[in-house]
Amino acid sequence: MWNAEVLKSLVAVTCPCQMVQSHSRLYPPHTVARHQVSGACSECEEEALWVIMCASVKYNIRGPALIPRMKTKHRIYYITLFSIVLLGLIATGMFQFWPHSIESSSDWSVQKRSIRDVPVVRLPADSPVPERGDLSCRMHTCFDVYRCGFNPKNKIKVYIYSLKKYVDDAGVPVSSTISQEYNELLTAVSDSDYYTEDITRACLFIPSIDLLNQNALRVKETAQALAQLSRWDRGTNHLLFNMLPGGPPDYNTALDVPRDRALLAGGGFSTWTYRQGYDVSIPVYSPLSAEVDLPEKGPGPRRYFLLSSQMALHPEYREELAALQARHGEAALVLDKCTNLSEGIPAARKRCHKHQVFDYPQVLQEATFCVVLRGARLGQAVLSDVLRAGCVPVIIADSYILPFSEVLDWKRASVAVPEEKMPHVYSILQSIPQRQIEEMQRQKWGSVSNPLFLPLIPPQSQGFTAIVLTYDRVESLFRVITEVSKVPSLSKLLVVWNNQNKNPPEDSLWPKIRVPLKVVRTAENKLSNRFFPYDEIETEAVLAIDDDIIMLTSDELQFGYEVWREFPDRLVGYPGRLHLWDHEMSKWKYESEWTNEVSMVLTGAAFYHKYFNYLYTYKMPGDIKNWVDAHMNCEDIAMNFLVANVTGKAVIKVTPRKKFKCPECTAIDGLSLDQTHMVERSECINKFASVFGTMPLKVVEHRADPVLYKDDFPEKLKSFPNIGSL
Amino acid sequence: MQSWRRKSLWLALLASWLLVLLEVFPLLHLAVPTRPRAGAPQGWPRWLDAELLQSFARPGELLEDGPQPPQALRGGSCNWGACFDTSKCRGGGLKVFVYPAAGPVSETHRRILASIEGSRYHTLSAAEACLLLLLSPDTPTGECDPVPPQWDGGRNHLVLSLHPAPCPRTFQRGQAMVAEASPTVDTFRPGFDVALPLLPEAHPLRGGAPGQLRQHSPRPGVALLALAEDRGRWHMAGTDFSACPWDGRCEQDRGPKQTHPGATLPNATFCLIPGRSPDALHFLQALQAGCIPVLLSPRWELPFSEVIDWTKAAIVADERLPLQVLTALQEMPLTRVLALRQQTQFLWDAYFSSVEKVIHTTLEIIQDRIFGASAHPSLLWNSPPGAILALPTFSPSPSDFPFYHLQQGSRPLGRFSALIWVGAPGQPPLKLIQAVAGSQHCAQILVLWSSEKPSPTRWPKTAVPLTVIDGHRKVDFAFVVWQSFPERMVGFLTWSHFWDEARGGWGYTAKRTNEFSMVLTSAAFYHRYYHTLFTHSLPKALRTLADEAPTCVDVLMNFLVASVTKLPPIKVPYGMWHQEARPPPLEPGGPGLRQEPQPAAQNCINQMAAGFGHMPLVSSRLRLDPVLFKDPVSVLRKKYRSLEKP
């Protein structure tokens, strides 16, 4: 997985044009690769066919010239025709008998070669060496963005130099050709969408010279090898990977190979060597975690509170750890190398405490906190093991730049303790509440957030836009328009004419009102037309109202708008409904009775932010939108789900219950129809809950009334006296 | 003849076929595999002997990384671990000593000093301080200070300069941290120095102007782009900006020019800001205006970059790719535009709108470094109300605060503690205790007895929770409402504030009106975190004021909560038991539970407003009632029927 991580971070950090994309997005390179291969294959089939056709045409033209004695035109014609047919047959046959080479794309698109066949390049002793790494490099000074602008959608393209074996004058290899891990890494890059074969279109260049371990290479000669790469150009736009930097005795925290302006993805950077916004910090890969399959472990207390599993620790540190163990007994466990292991057991997979032997890395799962202590290098492979085991890492390495620190918030999944505070590490950890420990164990990096998170009460002067959805009930519609137009804060009225068979009434027939009135004609009779983000909506607040809601008073509507201003991220509506869990049927049930609770409001009369129109139209999950249009029902429930899901908040029901003419049931008030209606609505809830994968609706027990509602206070002094009258 | 001709014909045909076949086959062989190979991607080869490849590290090399002694101090550059002595801060956390100014003090300096002295970090003794703060002189003519007495190589010093240093440094910064406005990235030491915003001359000391964004709208009918120009001016470009709009390269067709003298706030969705240091001034303007800053290859460190996640509020683009940047801005999804704009407003209001906030943020960052593991998580820095108002000493877990339940997907715990304050002489509030204890959510009751009478020897039996008498639902309902709004105060009795034209100041009243902006804390639900905030974050002067006039406590608490939430409190119906405690009903509009605030108390609201730098109170016109409140249905159906009684 870290290959994908490396790739993601590499792109996030190095791509100047992708600034608009969110950092947290992860591209699954493997799926992309598969897709690309199959695409390439169908392309080669086409191309093969085309070649054969060309060949046959060519020979047919030449054919007659080869037979000069042919005089009869029609014989020539005959022969020509015959040869075409035969050639066609042969070609088809060949095509048929060539199945493997065409279908198995790996043979075609990827070469099968042996490492031993890699060309050898001899480096003269006096070939140029790049400058040392330039510590002042930043994206805008050392990175050439002009190479990155060629590709559609601003996607950066990565080129990988082909593998070569470098030897010095004496024929001695400069480094080992390539390691298993680097090969895997390059394969992942090559399989991803970022890969390009075309060196002229590439924005980033990755040398195939393996620099993962500085101990395994000769510093000066490797630098010479880098300098002779065809597009090196002082290392501009070159990305180098390194996990084990430095060497004895001083162990530099960044690769010692002179690299000039090249970007470095390194494990073990310190604040001294890390170029913020230019370099990328990566974890040190641990082969152990990849080998061993550790089961996932939920959060909760573990057998040991604190565990140290590293083998080569400085005696001073070990002393301090031993003191910790002495003080806290069973809760702390300090492991060391096993001294008396029998033959054949890999020492890397065992740890010992006195005479007790533990399996590694399994033992990490037994601890709540695991110490990751600096060695000679800051980046420790044990960090990968610890994270994989679900143990919370306690990082004791001053100035260490944690992997991908620019995009990951390590505070949420680890504890950093300064080296000088090591004696107090136990008490520091004990002061962390259990709840927070569990959050760390979950290693949750992301979180949901409300799209309208800023607490803000919109100015009253803006007013609201009323949207009336209508089909053909003109008389009722006109009454609604007249009523709504009395509301002081109304700023515009939009009629969505959903009837394609009938024209809206002539202009002269419409009621004369004080605000602009616009009629929008729709192309199709769909319920979702009600929630379309029409350009005509200029205010933030939208009042969705059915063409038969004539019972709401002007005071009630104005008050509803005032309530919406205080809760602009919620649905604020009049008739409230509830969802209930039916234990017998094990599914959700829709409830419209007089209940003490509310979880939905009907959009037959509701205020909401116009942004939710945009979300409904373009971001509704799954097939809900089509489902609603097909069933001609439940658009309001869908809106309730959508808003509750993105905001995590409940609806606000305003003003007391009224005798609504059951806005959701259409014509007849018959009992049987009412019941089928309830069944349908219940089905909607169950359907939406399955699409959303959760039940986002929140149940509340309150509704909003004016401050002085039903108070012993003169009516004429109340702002909204006409509320709740039947 | 004919047979010969026929034979020769067949022969020729055969020959030609042979030729054709011979030539076509090898051609096919060649053509078919090679053509696609040239065009289709080859990729990194799958090595036949990949299995044989060695690991990059020898077995055991990773595990037995050579041991290294604890790190010694390194010369040259500085980082936190090496150059700051945290042992000095062990006792009382971050204590800051400010060197007195040597010469005449400028206005800005005076403000900075005032804001530090009023903060919870300040100490008067250099010996007990863990951070020594040196204000670098900002008067262009002023003399540069000599090296201060406790300098010690700059260890545990913070050199603060709100404006780029006008006088050449007289001493090496050494191990001192530098808090500087818009430092260049080359000299900035991440994790050690602090990047400050470049503040305009007349930046207010306290409070500060609110953000300009008045609605949650991605593009509220304004220009798409504003370009930063000299001296804090902006040039508005409409949606048609196709002709290379910056660096003065397209001087001819600049379209309708709307430049204003002096600092005006840009009214646009995106604000393009060049990367040169003087342009940093534009950054704050854009932030305040809710105009998303688009920084073109900034050469300066973004303010407070150590803790603020600027990817959530600004865009850093490469100035060398103008067309790509413009396309990207045009195509940016509305959802992201909306989120960015809101974040600019939050950040402006939380960290930048006043000198005090900038200074406190700086100190908070340094305190976070000292705290290490128990510092603010990034979430607390980057979501409302911001890290200054979310004290990490309260709890390291975000779910303990009232603000982050949404992000955390959690809910406040279903229990509350009742804190009853008994001050006025009279009968002990036994009834109240019983009513509170009757709530199913009550976990404990604390009685704060501050009356002059001795406390009664006999309390109702209070093995917490108190013996439940009968279902008292009034308190329950308020609590259930509070669970939906954990960051607000939920109360029964309310006051409202108003601007008194006649006296030219604020006033407030307990009269029943159509709106309210404060709830009485004597009967209100609010998160216990606000107690911590009340005690630890408010300036001492305000708390003293509140101690002197008891009604001021209510005002102050409401000010505090409103300045954190920017929202009004919530009123719930109060049913019967408060009416018992109320004086007999007076004429409508008469005083409520308490007497009309005394003139002295009236003045307290103005002193509070001065202390906060602005009026944080927000009015509400609604009350939250139970869903079936006073509805014409059977009382038996109603859950909170006790609230129905007249």
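Lettering follows sequence order; numbering is per chain, from 1.
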Can you list the residues that meet the side-chain contact (heavy atoms from CB on, under 4.5 Å) rule with Asp85(B), with sequence neighbours excluded?
Ser87(B), Lys88(B), Arg155(B), Asn156(B)

Bottom line for Asp569(A): the part with an atom under 4.5 Å from chain B's heavy atoms is neither

Please flag which part of Pro385(B) lies under 4.5 Å from any non-hydrogen atom of chain A: side chain, backbone, both or neither.
neither

Winner by heavy-atom pair count (cut-off under 4.5 Å) against chain B, out of Asn215(A), Leu708(A), Asp711(A)
Leu708(A)

Interface moiety of Leu624(B) toward chain A, non-hydrogen atoms closer than 4.5 Å:
both

Give a yes or no answer on whether the side chain of Arg138(A) reaches the backbone of Ser297(B) with a donor-acceptor pair at less than 3.5 Å.
no

Is Gln276(A) close to chain B through its backbone or its side chain, or both, or neither, when contacts mean heavy atoms under 4.5 Å?
side chain

Pro568(B) vs Glu566(A) side-chain heavy atoms within contact, under 4.5 Å:
yes

Report which part of Gln462(A) has an atom under 4.5 Å of a heavy atom belonging to chain B: side chain, backbone, both, or neither.
side chain

Can you confirm whether the side chains of Asn183(A) and Trp44(B) place a donor and an acceptor under 3.5 Å from each other?
yes

Side chain, backbone, both or neither of Pro418(A) within contact of chain B (heavy atoms, under 4.5 Å):
neither

Contacting moiety of Thr177(A), where chain B heavy atoms sit under 4.5 Å
neither

Options Val563(A), Leu244(A), Leu163(A), Asp210(A), ranked by heavy-atom pairs under 4.5 Å with chain B, top entry:
Leu163(A)

With sequence neighbours excluded, what pairs up with Glu515(B) under the salt bridge (Lys or Arg N to Asp or Glu O under 4.0 Å) test?
Arg621(B)

Which one wins on heavy-atom pair count under 4.5 Å against chain A: Asn514(B), Val481(B), Thr565(B)?
Asn514(B)

Cut-off 4.5 Å, heavy atoms of chain A, and the answer for Gln343(B) is both

Proximity breakdown for Ile115(A) and chain B, heavy-atom pairs closer than 4.5 Å:
both

How many angstroms lie between CD1 in Ile457(A) and OG in Ser619(B), if you round to the nearest 0.5 Å?
8.5 Å

Can a donor-acceptor pair be found, under 3.5 Å and without considering hydrogens, that links the side chain of Arg623(B) to the backbone of Tyr709(A)?
yes

Angle between ring planes, Tyr285(A) versus Phe56(B), binned at 30° and 60°: parallel, tilted or perpendicular?
tilted

Could you tell me which portion of Val382(A) (side chain, backbone, both or neither) has an atom closer than 4.5 angstrom to a non-hydrogen atom of chain B?
neither

What's the spacing between Leu717(A) CG and Thr513(B) OG1 if we round to 0.5 Å?
11.0 Å

Separation between OG1 (Thr335(B)) and OH (Tyr611(A)), nearest 0.5 Å, reads 3.0 Å

Okay, side chain of Asn596(A), backbone of Arg637(B): is any donor-acceptor separation there less than 3.5 Å?
yes

Given the options Tyr274(A), Phe720(A), Tyr182(A), which has more heavy-atom pairs under 4.5 Å with chain B than any of the others?
Phe720(A)

Does any backbone or side-chain atom of Ile178(A) lie under 4.5 Å from a heavy atom of chain B? Answer side chain, backbone, both or neither.
both

Atom group of Ser305(B) that falls short of 4.5 Å from chain A, counting heavy atoms:
neither

CG of Asp49(B) to OG of Ser114(A): how many Å apart, nearest 0.5 Å?
3.5 Å

Which one wins on heavy-atom pair count under 4.5 Å against chain B: Leu186(A), Thr271(A), Ile160(A)?
Leu186(A)

Nearest heavy atoms of Ser179(A) and Ser55(B), plus distance in Å
CB-C, 4.0 Å

Rounded to the nearest 0.5 Å, how far does NZ of Lys619(A) lie from CG of Leu334(B)?
8.0 Å

Salt bridge or not for Lys710(A) and Asp631(B), using N-O below 4.0 Å?
no

Which distance, rounded to the nearest 0.5 Å, do you find between the CE of Met139(A) and the CG of Asp318(B)?
7.5 Å

Using heavy-atom distances under 4.5 Å, tell me whether Phe629(B) contacts chain A through its side chain, its backbone, both, or neither.
both

For the side chain of Asp625(B) and the backbone of Asp705(A), is there at least one donor-acceptor N/O pair under 3.5 Å apart?
no

For Ala704(A), is it the side chain, the backbone, both or neither that has a heavy atom under 4.5 Å from a heavy atom of chain B?
both

Indicate yes or no: at least one non-hydrogen side-chain atom of Glu420(A) is less than 4.5 angstrom from one of Thr86(B).
yes

Proximity breakdown for Gln54(B) and chain A, heavy-atom pairs closer than 4.5 Å:
backbone

